[in-house]
Structure formats: C-alpha cells, structure tokens
Amino acid sequence: MTALARLATGWYARHARDLPWRTPDVSAWAVLVSEVMLQQTPVTRVVPVWREWMARWPTPGGLSAEPAAEAIRAWGRLGYPRRALRLHECAGTLMAAHGGRVPRSLPQLLALPGVGDYTARAVAAFAYRQRHPVVDTNVRRLVARCVAGRADAGPATTAADLAATAALLPASGPAAARASAAFMELGAVVCTARAPRCEACPLATRCAWRASGRSLPALPSRRPQRYEGTDRHVRGVLLAVFRQASGPVTRAALARAWASEAQRERALASLVADGLVHAVGDDTYALPTGPTLHAI
DNA sequence: TACTCGTGGTC
DNA sequence: TGACCAAGAGT
C-alpha cells in the first residue's frame, strides 16, 4: 500500500462523516442512487432525499413500476431534475436487462442512463469493492496538490488523472475502495478548493504543494454564474409548478409563475425536449406518466 | 471541446 | 451583497 493511501485510510477511519450510504449493508442500488444525487449537489441536501427514496423505492423494481412523474416529484429541489428522469430510466433498464440488479462491470455500469465515468467507478468501488480509481473533482484537486504540487487540477478529467490516482491505490479491491473514499473525503472536508486546512491533513508532511509554499490557485474563469432571470431559472420555476400540481397544468398557470412569455415558452419547450414535461392537450402539460412496466 | 443543465449555502 | 461553488453527465 502506498504511504498516501495508508495515511488517508487511517485518517478516514477516525474522521469520516457518518453518511447513510456508507453503512456496510447498503445495497448497490442504494449506492447508485446516492452517487447520482451527489452529482453537483452538496451532501447535506442529498441526505434527506436519499432517505426518502430508499424508504419508498428500496429496489429498482419499485421505482420502475411507478410513473416518471413520481421520481421527478420525489426529487424535490435537488436541482438538475433530468437526473431524476435518468434514474427512473435506469431502474427500468436494470429490470429489463439486468434482472433487477445493478451490474458489476464498468462497461455495463457506464451503459446505464445517468451513469458516467465517475459514477460507474464509484459504484464498482463502493458497492462491489473493486479496485478502480474513483476520480471526482475532490480527488483531482487532492492529487494535483499532493502529488503534482499544483494549486488545483486542470480543466478536464484525463487518462493522466486516472493513472495518477490508480498509482496511489492499494492492491486489493476492498483496500483500494477504502482509500478512494478516504481521498474523496479528504478533498471534500480538508483539502478544499478555497480554504484548505493543511493543519488537519494527514498527508501534509508528504504534500508537494504545501512543501513548495502553497502557490495561489488560478483565478476562476469569468463565465457568468448569475442564475436569476436565466432560462435555467425559468425552467426551475416552471417545473416547481408541475411538481406541486397533482395533475395537468395549463399555460395560464405557467403564465402566473413567470411573466415573460418568450422566455416562458422557451423554457417550456426545453422541458418538453428533455422529456421532463409532456403536452396532454392544446394548452395543457403534465409530468411524464410512463412508462410503467405493468398494471397489476 | 465547450456548453447546458438547478439549487441553496457560504464568506 | 453577490460571486463562488457542491461526489458530473450528455451532447
């Protein structure tokens, strides 16, 4: 085992947050749902929604048997609601092609809706204890600092990221999975983007970035981050109307939620294009009702 | 590759 | 106060 993995794993055993999807007996389905919910969404907001989903849909069969609208409603305000739709599709794929179980191989996981490179590796490692590098934004930053001595990682995940992380992992699957969880946790709570807590870091004595004097991170790109008034905002406002309605929603109801007609129509069209909303009449729309597997 | 896609907390 | 950003995926 590499020294970094040993130090990180030891720290993790003492300081890891007590997150419900880390309980030893959680199913691969529960891990998969947690990973999708955690995509670009903070842990504190995911926890209560994940608990609700697991209580309601402990297996993919339960979710796939319900209309997609229920997944969208139960998604609440986690953001990026296409993830709820993909998770519902994913449950259907698991039932249709995998016997209701989450597959174990990376290629099969990658083929699932809503599962990309990160999530496939996270499920293989955390649910099945396989030895795959799990590279998220936290790990990339940790490795960039500790190993490469840079203030932050480059713009995109590359084969180099995977190779650099794989080189840190212990030989056995379970130990590698623990090390990956430890690296992610360190990046999330200690080696943070803005205010790293090097005094609390178990890797500090071996960190190239710290040894070289902690050069400042590059200035953030100047892409506008404004949310108020964007099309994304309008989509959120309109979809909230659909979530709260028990049935179909009229154009008039949407007009009450957002005044600008051009922007409202543009947002509605994009929701329809994404499959989050369907037209059910001339001036009426609703969350998607299908497909359900069967009507018992 | 670069862009789109929500939401709410933080400093 | 408002810019930044938090376990990415899909196109």
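Quick note on labels: first sequence line is chain A, next is B, and so on, each numbered from 1. Since the model is a prediction, treat every value here as computed from it, not as a measurement. Computed over heavy atoms, backbone and side chain alike; hydrogens, waters and symmetry mates excluded.
- In terms of phosphate contacts, A:Arg82 brings no side-chain nitrogen or oxygen within less than 4.0 Å of OP1 or OP2 of C:dA9.
- Rounding to whole angstrom units, CD1 of residue A:Ile72 and P of B:dG6 are separated by 11 Å.
- The CG-C1' distance, from A:Leu142 to C:dA7, rounds to 14 Å in whole Å.
- Here A:Thr59 contributes atom OG1 and A:Met54 contributes atom CE; the two are 9.0 Å apart, rounded to the nearest 0.5 Å.
- Contact of A:Arg45 with B:dT7 (side chain to base): a donor-acceptor pair of N or O atoms is detected under 3.5 Å.
- Rounded to a whole Å, the CG atom of A:Leu87 is 15 Å from the C1' atom of C:dA7.
- Using a 4.0 Å heavy-atom cutoff across all strands shown, A:Asp231 reaches no nucleic acid atom at all.
- Across all strands shown, A:Arg17 has heavy atoms under 4.0 Å from base atoms, whether or not it also approaches the sugar-phosphate.
- In the set B:dC5, B:dG8, C:dA7, the nucleotide with an atom closest to the side chain of A:Leu19 is C:dA7.
- Contact detail for A:Phe183 and A:Ala8: the closest heavy-atom pair is CE2-CB, 3.6 Å.
- Within the nucleic acid shown, A:Trp21 comes within 4.0 Å of at least one base atom, counting heavy atoms only.
- Mapping A:Pro113 and A:Glu35 onto DNA chain C by nearest heavy atom places A:Glu35 at the nucleotide closer to the 5' end.
- Residue A:Tyr80 places none of its side-chain N or O atoms closer than 4.0 Å to OP1 or OP2 of B:dT7.
- Straight-line distance from the CG atom of A:Leu112 to the P atom of C:dG8: 18 Å, rounded to whole Å.
- Rounding to whole angstrom units, CG of residue A:Asp274 and P of C:dG10 are separated by 13 Å.
- Side chain of A:Arg83 to backbone of A:Met37: a donor-acceptor contact under 3.5 angstrom is found.
- A:Arg22 and A:Ser34 form no side-chain donor-acceptor contact under 3.5 Å, judged by distance and modelled atom types alone.
- A straight line from CD of A:Gln39 to P of B:dG6 spans 13 Å, rounded to a whole angstrom.
- Here A:Arg232 lies in heavy-atom contact (under 4.0 Å) with a base.
- Using a 4.0 Å heavy-atom distance criterion, A:Gly79 is classed as a base contact.
- Spacing between C:dT11 and B:dG6 at atom P, rounded to whole Å, works out to 14 Å.
- Residue-level contact check: A:Leu78 touches the bases, meaning some heavy atom is under 4.0 Å from a base atom.
- In terms of polar N and O atoms assigned as donor or acceptor, the side chain of A:Thr41 comes within less than 3.5 Å of the base of B:dG6 in a complementary pairing.
- For the pair A:Thr119 and C:dA9, the criterion of a side-chain N or O lying under 4.0 Å from OP1 or OP2 is met.
- Contacts of A:Pro133 classified as side chain to side chain contact (heavy atoms under 4.5 Å, CB included), with partners at least two apart in sequence or in another chain: A:Arg121, A:Val135, A:Leu162, A:Thr165, A:Ala166, A:Leu169.
- Residues A:Thr284 and A:Val249 have side chains not in contact (no heavy-atom distance under 4.5 Å, counting atoms from C-beta outward).
- Contacts of A:Arg140 with the nucleic acid, taken as non-hydrogen atoms under 4.0 Å apart, are absent.
- Taking every side-chain heavy atom of A:Arg243 into account, B:dT7 is the closest of C:dG8, B:dT7, C:dG10.
- Nucleotide C:dA9 holds its C1' atom 10 Å from the CZ atom of A:Arg83, rounded to whole Å.
- Residue-level contact check: A:Val115 touches the backbone only, with heavy atoms under 4.0 Å from sugar-phosphate atoms and none from bases.
- A donor-acceptor contact closer than 3.5 angstrom links the side chains of A:Glu66 and A:Trp57.
- Within the nucleic acid shown, A:Ser270 has no heavy atom closer than 4.0 Å to any nucleic acid atom.
- A:Ala195 comes within 4.0 angstrom of no nucleic acid atom, judged by non-hydrogen atoms across all strands.
- B:dC11 and C:dA7 have their P atoms separated by 14 Å, given to the nearest Å.
- Across all strands shown, A:Arg194 has heavy atoms under 4.0 Å from base atoms, whether or not it also approaches the sugar-phosphate.
- To the nearest angstrom, P of C:dG10 lies 14 Å from CG of A:Leu276.
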